[in-house]
Amino acid sequence: MNDNNVWEPADPANYTVQFAADGTVAIQADCNQVQGSYTSDDSSLSITLGPSTMAACGPQSIADQ
């Protein structure tokens, strides 16, 4: 993170980001899912978040970070 915080998930497989060729992005953050869109060029990536589930994940989750 920009503030030098580092979070390490207990199970990294529960945290994924998938970029589709049509400009959509699908994010899995432990027990929650987020949809959105993205744009990119040679030097930057911009992600706009859309609908999200808001389930209460377990105590080991870092989904809120």
Side-chain angles (χ1 to χ4, degrees):
M1 302 301 290
N2 290 338
D3 61 4
N4 294 322
N5 280 325
V6 175
W7 293 285
E8 294 186 30
D11 187 354
N14 289 343
Y15 299 85
T16 61
V17 179
Q18 295 178 325
F19 296 95
D22 66 357
T24 59
V25 62
I27 301 166
Q28 178 74 38
D30 200 5
C31 67
N32 286 295
Q33 297 177 356
V34 183
Q35 300 296 314
S37 60
Y38 75 94
T39 59
S40 64
D41 60 32
D42 291 336
S43 62
S44 67
L45 172 68
S46 178
I47 299 173
T48 302
L49 300 178
S52 171
T53 60
M54 297 184 67
C57 299
Q60 297 291 354
S61 178
I62 60 171
D64 291 338
Q65 283 72 25

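One-based numbering along the sequence shown.
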More than 12 heavy atoms of other groups within 6.0 Å of Asp22 CG
yes
Between [atom1] of [X] and [atom2] of [Y], what distance do you get to the nearest 0.5 Å?
| X | Y | atom1 | atom2 | value |
| --- | --- | --- | --- | --- |
| Asp11 | Ile62 | CG | CD1 | 10.5 Å |
| Leu45 | Thr39 | CG | OG1 | 7.0 Å |
| Tyr15 | Ile27 | OH | CD1 | 13.5 Å |
| Asn32 | Ser61 | CG | OG | 7.5 Å |

Flag yes if Val34 and Tyr38 sit in one hydrophobic cluster, no otherwise; membership is Ile, Leu, Val, Met, Phe, Trp, Tyr, and two members link when side-chain heavy atoms are under 4.5 Å apart.
yes
Are Leu49 and Met54 connected, step by step, through hydrophobic side chains (Ile, Leu, Val, Met, Phe, Trp, Tyr) whose heavy atoms are closer than 4.5 Å?
no
Residue pair Ala56 / Cys31: nearest heavy atoms and the distance that separates them:
C-SG, 4.0 Å
Heavy atoms only: give me the nearest Ser37-Val25 pair and the separation to one decimal.
N-CG1, 3.7 Å
Would you mind listing every side chain to side chain donor-acceptor pair (under 3.5 Å) that reaches into residues 43-52, with sequence neighbours excluded?
Asp41-Ser44
Under 3.5 Å, side chain of Gln28 to main-chain N/O of Asp30, donor-acceptor pair present?
yes
